[in-house]
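Following: one structure in structure tokens, then a few remarks.
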Amino acid sequence: MATWALAMLVIASVPISYAPFVGDYSRYIPNSHSSTKLAGATTLGMFVGCWLAKVPASFMMSTVKDLSTPFVTGIIWGAPSWWIAPITIAGIFGALPNGGLCLYSAGLSLESLGWTLKRVTTTIIMAIVGFLLVFIGVQDVSSMIHLIDGFVIIIIVGVSPWLAINLVGHYLVKGRYKPLDLHNSSTSSSYWYSSGFNIPAIISWTIGLIVGLLFTSTSIFTGPFVSVVGGIDLSFTSSALVGAIVYYTLTTLFPYRSREVSSEVAENIVP
């Protein structure tokens with residue numbers, strides 16, 4: 001049971017890690033499309049994509065004797081010499097779409113910080129930073145793999161409560177937003193909250209992150225509560241659950257009342 005739970009948690013971490021990217025592309029879809037169909041298509045696409053990747057990956061890892069061996073290292077060591085070239089080519093070209101996706105989102109995120117920089121400039125900045133990190137990493141591939149694995153898990157621990165808080169917020173407003181105000185960073189926005197900060201969300205995210213780190217088990221960091229659950233990594237599940245519960249509780253006790261939607265902007269409400 002513990003092994004099955006661990007495997008499910010590892011697989012679930014993949015779609016969770018892509019959650020921040022969804023908004024970067026769904027914003028291009030017209031309001032005429034059904035939200036239900038959009039959510040279904042996103043879910044199906046993520047499931048099929050993960051299934052196509054995880055099934056052969058599970059088979060290949062079953063040929064590795066030492067399961068503590070990193071995936072890439074184990075596949076290369078266990079592959080026959082004639083298979084090295086195809087694996088290398090697949091790894092290089094297979095990483096290009098994912099790299100492009102991450103690079104685009106990184107540039108968009110840097111731009112959203114409020115700097116007066118164009119998206120092309122922010123994307124170039126993130127590309128340079130990424131190149132430098134890769135260049136440093138290739139100097140010691142083994143250590144870099146462990147570092148990346150640990151860093152990715154810690155990122156997911158931070159993303160999970162953020163995702164859970166957004167889902168709770170979506171539920172509380174019944175999925176209806178004022179899109180123009182979402183892009184308004186002035187005091188006139190319906191989502192100005194407290195000087196531009198959603199205090200309950202920040203508190204909930206912080207508490208969820210701390211709890212998640214207590215249950216985190218990586219090669220670079222191990223939380224004190226990992227041994228309590230038998231070594232199973234409950235990092236992002238605990239952080240998401242705690243973040244959601246705390247945010248729901250705070251918003252129930254201290255509700256934030258946004259202004260009512262006027263008839264002039266009613267047609268812009270996103271269902």
Side-chain angles (χ1 to χ4, degrees), residues 16-35 38-39 42 102-126 129 155-212 239-271:
I16 291 177
S17 66
Y18 278 93
F21 298 139
V22 176
D24 295 343
Y25 300 93
S26 61
R27 61 196 178 99
Y28 294 109
I29 300 178
N31 291 341
S32 57
H33 287 71
S34 169
S35 298
L38 178 59
T42 303
C102 295
L103 185 59
Y104 169 80
S105 296
L108 186 63
S109 299
L110 184 60
E111 182 189 17
S112 66
L113 294 179
W115 295 354
T116 57
L117 297 175
K118 295 182 178 181
R119 188 174 305 172
V120 174
T121 304
T122 57
T123 303
I124 292 176
I125 292 175
M126 297 309 301
V129 172
I155 288 179
I156 295 175
V157 174
V159 169
S160 298
W162 169 84
L163 175 60
I165 290 169
N166 275 277
L167 291 175
V168 171
H170 182 83
Y171 168 77
L172 292 176
V173 300
K174 297 180 175 58
R176 298 179 69 83
Y177 302 92
K178 305 171 188 176
L180 297 180
D181 281 9
L182 288 173
H183 297 276
N184 184 1
S185 58
S186 67
T187 56
S188 62
S189 173
S190 299
Y191 307 104
W192 180 246
Y193 298 105
S194 301
S195 300
F197 295 94
N198 187 341
I199 302 301
I202 295 175
I203 294 175
S204 304
W205 179 81
T206 303
I207 295 176
L209 176 64
I210 293 174
V211 172
S239 65
L241 183 61
V242 171
I245 293 175
V246 173
Y247 185 65
Y248 182 83
T249 302
L250 290 178
T251 51
T252 301
L253 296 176
F254 310 100
Y256 174 78
R257 302 292 182 184
S258 61
R259 290 182 296 278
E260 295 296 329
V261 184
S262 63
S263 58
E264 289 79 7
V265 298
E267 66 274 11
N268 290 322
I269 298 179
V270 179

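Model, not experiment: these values are computed from the prediction.
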- Message: Go through it in stages, so that I can follow the logic: the residues are Leu117 and Ile125, the test is side chain to side chain contact (heavy atoms under 4.5 Å, CB included), and I'd like the CA-CA distance, side-chain angles, deciding distance and then a yes or no.
- Response: CA-CA 10 Å; Leu117 297 175; Ile125 292 175; 4.2 Å; yes
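- Minimum heavy-atom separation, Phe197 to Tyr193: O-CB, 3.1 Å.
- The side-chain heavy atoms of Ile207 and Tyr247, taken from C-beta on, include no pair separated by under 4.5 Å.
- In this structure, CD1 on Ile245 lies 12.0 Å from CD1 on Ile165, to the nearest 0.5 angstrom.
- Residue Leu250 comes nearest to Pro200 through the heavy atom pair CD1-O, 3.7 Å, listed as atom of the first residue, atom of the second, then distance.
- Separating the OG atom in Ser34 from the CD1 atom in Ile29 is a distance of 11.0 Å, to the nearest 0.5 Å.
- Side-chain atoms of Ser105 never come within 3.5 Å of backbone atoms of Cys102 as a donor-acceptor pair (strictly under, hydrogens ignored).
- From Arg176, atom CZ reaches atom NE2 of His170 across 11.0 Å, with rounding to the nearest 0.5 Å.
- The distance from atom OH of Tyr248 to atom OG of Ser204, rounded to the nearest 0.5 Å, is 13.0 Å.
- Across Trp205 and Gly158, no two heavy atoms sit closer than the pair NE1-O, 2.8 Å.
- Formation of a donor-acceptor pair under 3.5 Å by the Ser160 side chain with backbone atoms of Ala240 is not found in this model.
- Distance check, rounded to the nearest 0.5 Å: CG of Leu172 to OG1 of Thr251 gives 4.5 Å.
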- Task: Start with the C-alpha distance between Leu209 and Ser239, add both sets of side-chain angles, then the distance that settles side chain to side chain contact (heavy atoms under 4.5 Å, CB included), and finish with yes or no.
- Result: CA-CA 5 Å; Leu209 176 64; Ser239 65; 5.9 Å; no
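- Considering CD1 of Ile124 and CG of Leu103, their distance stands at 9.5 Å, rounded to 0.5 Å.
- The shortest non-hydrogen separation linking Thr206 to Ile202 is OG1-O, 2.8 Å.
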